[in-house]
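See below for the structure under consideration.
First the proteins, then the strands, lettered A, B, ... as listed; each starts at 1.
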Amino acid sequence: MAKSKGSIIVDKERCKGCEICVLACPTGVISLAREVNSKGYHFAYMENPEACTGCTNCAVVCPDGVITVYRKKVNA
Amino acid sequence: MVENTGISDIVKDENLVYQKTKVLTDKVMHYCPGCGHGTAHRLIAEVIEEMDIQAGTIGVTPVGCAVLMYNYLDIDMQEAAHGRAPAVATAIKRLMPDKYVFTYQGDGDLAAIGTAETIHACNRGENIAVFFINNGIYGMTGGQMAPTTLSGMKSSTSPYGRDVQMMGNPLKMTELVAQLPGTWYVTRQAVHTPASVRKAKKAIRQAFENQKLKKGLSLVEIVSNCNSGWKMSPVEANKWMVENMFPFYPPGDIKLEGKMVGKE
């Protein structure tokens, strides 16, 4: 069956670390980084990139629109 | 897994499924982390992009946190005096009936100082869309009690909770204007989960589409959080909103195509 694999790009400098995407992700891909951006926010990043399906849930809830989503079909 | 796919194989232009719409400018929004205003702005921008009406849309901004909305949307916008956005939008729509006109107002603007303008614009049935962001508090000025503050809810001017005996009852503007014959579409949405965001976007799209019908005013209330005013983290604020705001402000359609939902 064709499966989807996804990946997100977070605009680190614009991310405010509100954590809403972390809860919205159904596969637990996103976490907040230990380091901070130039404004002092712990930005979101892919902690577990293998699990990303590219469902766009994180980007849809992001209040600041900092997430770009890519998705590719792969044969598993 | 048979095929080993790295991130560099996925991040390619042909695999792009979601990115920030071009109708939003690249300015960093001044809103607090996790604020529903950002999501609501983005949904309006996405609908404008999907309908391809960027050049034909005029927005009217309120006074409140969203006063700087004209910095974030790449469309024509007009700032209105506090609460007067529906009156300004009425004038714009009457002078330029082919434009898509919307107002974007918070609860301090729409439900407090602008109650008269809101009710009369709704009653006249102006062909505009009104987006009403309800977070139950005056966010910009420091979290004071608003007409929409819930009974028992703490704010900086009701530190022991809103006492309805002394301070009056919270105001349900959306139910109020749904009673008026001039409104065509009245709904209440939220933007705290992916599902609710997708539903809210459909409602915003409907409000824009309704302007072609010239049948009356469309009002979309978006129940939102104010994590700074409520003194919570964004995630806690969304949870508090579901537990406390939704019982009093339940999401759902109130009036569809000029008829009250659930009443014949």
Side-chain angles (χ1 to χ4, degrees), chain A residues 1-27 29-30 32 36-46 48-76, chain B residues 1-43 45-46 72 190-201 224-225 227-228 232-239:
Chain A
M1 201 185 91
K3 270 175 73 176
S4 288
K5 273 200 51 99
S7 183
I8 60 167
I9 304 285
V10 179
D11 188 342
K12 278 194 245 178
E13 280 304 306
R14 293 168 60 96
C15 178
K16 294 176 184 166
C18 69
E19 223 179 338
I20 289 178
C21 56
V22 178
L23 260 79
C25 179
T27 52
V29 172
I30 310 171
L32 294 190
V36 294
N37 62 18
S38 64
K39 287 195 173 156
Y41 292 123
H42 293 276
F43 53 85
Y45 79 111
M46 289 211 288
N48 186 13
E50 282 301 305
C52 182
T53 59
C55 70
T56 72
N57 273 7
C58 53
V60 162
V61 293
C62 177
D64 293 280
V66 302
I67 303 176
T68 306
V69 186
Y70 296 87
R71 180 168 57 214
K72 188 182 184 184
K73 283 216 166 97
V74 289
N75 297 315
Chain B
M1 195 171 295
V2 182
E3 201 177 323
N4 190 15
T5 316
I7 291 173
S8 56
D9 296 325
I10 303 169
V11 181
K12 284 179 182 163
D13 285 346
E14 68 262 28
N15 297 331
L16 180 73
V17 284
Y18 192 96
Q19 68 175 347
K20 185 173 80 71
T21 160
K22 297 275 185 292
V23 179
L24 280 180
T25 61
D26 286 332
K27 286 207 173 72
V28 178
M29 295 192 198
H30 70 285
Y31 302 118
C32 308
C35 179
H37 271 307
T39 318
H41 283 16
R42 183 164 48 77
L43 293 183
E46 284 176 6
Y72 308 133
V191 289
H192 64 301
T193 61
S196 67
V197 171
R198 290 186 172 108
K199 274 177 83 175
K201 187 174 170 184
S224 180
N225 59 9
N227 45 69
S228 297
M232 294 174 197
S233 76
V235 172
E236 282 170 2
N238 277 346
K239 197 164 162 249

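- A donor-acceptor contact shorter than 3.5 Å links the side chain of Asn225(B) to the backbone of Gly34(B).
- In this structure, Tyr31(B) and His41(B) have perpendicular ring planes: the angle between them is above 60°, well past the 30° mark.
- Note: Lys20(B) NZ to Asp26(B) CG = 4.0 Å, rounded to the nearest 0.5 Å.
- The CD1 atom of Ile10(B) sits 7.5 Å away from the NZ atom of Lys72(A) when rounded to the nearest 0.5 Å.
- The minimum heavy-atom distance linking Arg198(B) with Asn57(A) is given by the pair NH1-OD1, 3.0 Å.
- For Ile67(A), the part lying under 4.5 angstrom from a heavy atom of chain B is the backbone only.
- The residue among Cys15(A), Ala59(A), Gly65(A) with the most heavy atom pairs within less than 4.5 Å of chain B is Ala59(A).
- There is no contact between Val191(B) and chain A, counting heavy-atom distances below 4.5 Å.
- Here Asn15(B) is the residue among Asn15(B), Thr39(B), Asp13(B) with the most heavy-atom pairs under 4.5 Å with chain A.
- With rounding to the nearest 0.5 angstrom, the OH atom of Tyr70(A) is 12.5 Å from the SG atom of Cys52(A).
- The residue among Gly54(A), Pro49(A), Gly6(A) with the most heavy atom pairs within less than 4.5 Å of chain B is Gly6(A).
- Contact annotation for Asn238(B): only side-chain heavy atoms (C-beta onward) come within less than 4.5 Å of a heavy atom of chain A.
- For a residue to count as touching a neighbouring chain, one of its non-hydrogen atoms must lie under 4.5 Å from one of that chain's; by this rule Cys55(A) touches chain B with the backbone only.
- Inter-residue side-chain proximity for Val28(B) and Lys39(A) is flagged as met; some heavy-atom pair is nearer than 4.5 Å.
- The candidate with the highest count of non-hydrogen atom pairs below 4.5 Å against chain B, out of Asp11(A), Thr68(A), Val69(A), is Val69(A).
- Neither the backbone nor the side chain of Lys239(B) comes within less than 4.5 Å of any heavy atom in chain A.
- Between chain A and the residues Pro194(B), Pro234(B), Ser233(B), Ala195(B), the largest count of heavy-atom pairs under 4.5 Å involves Pro194(B).
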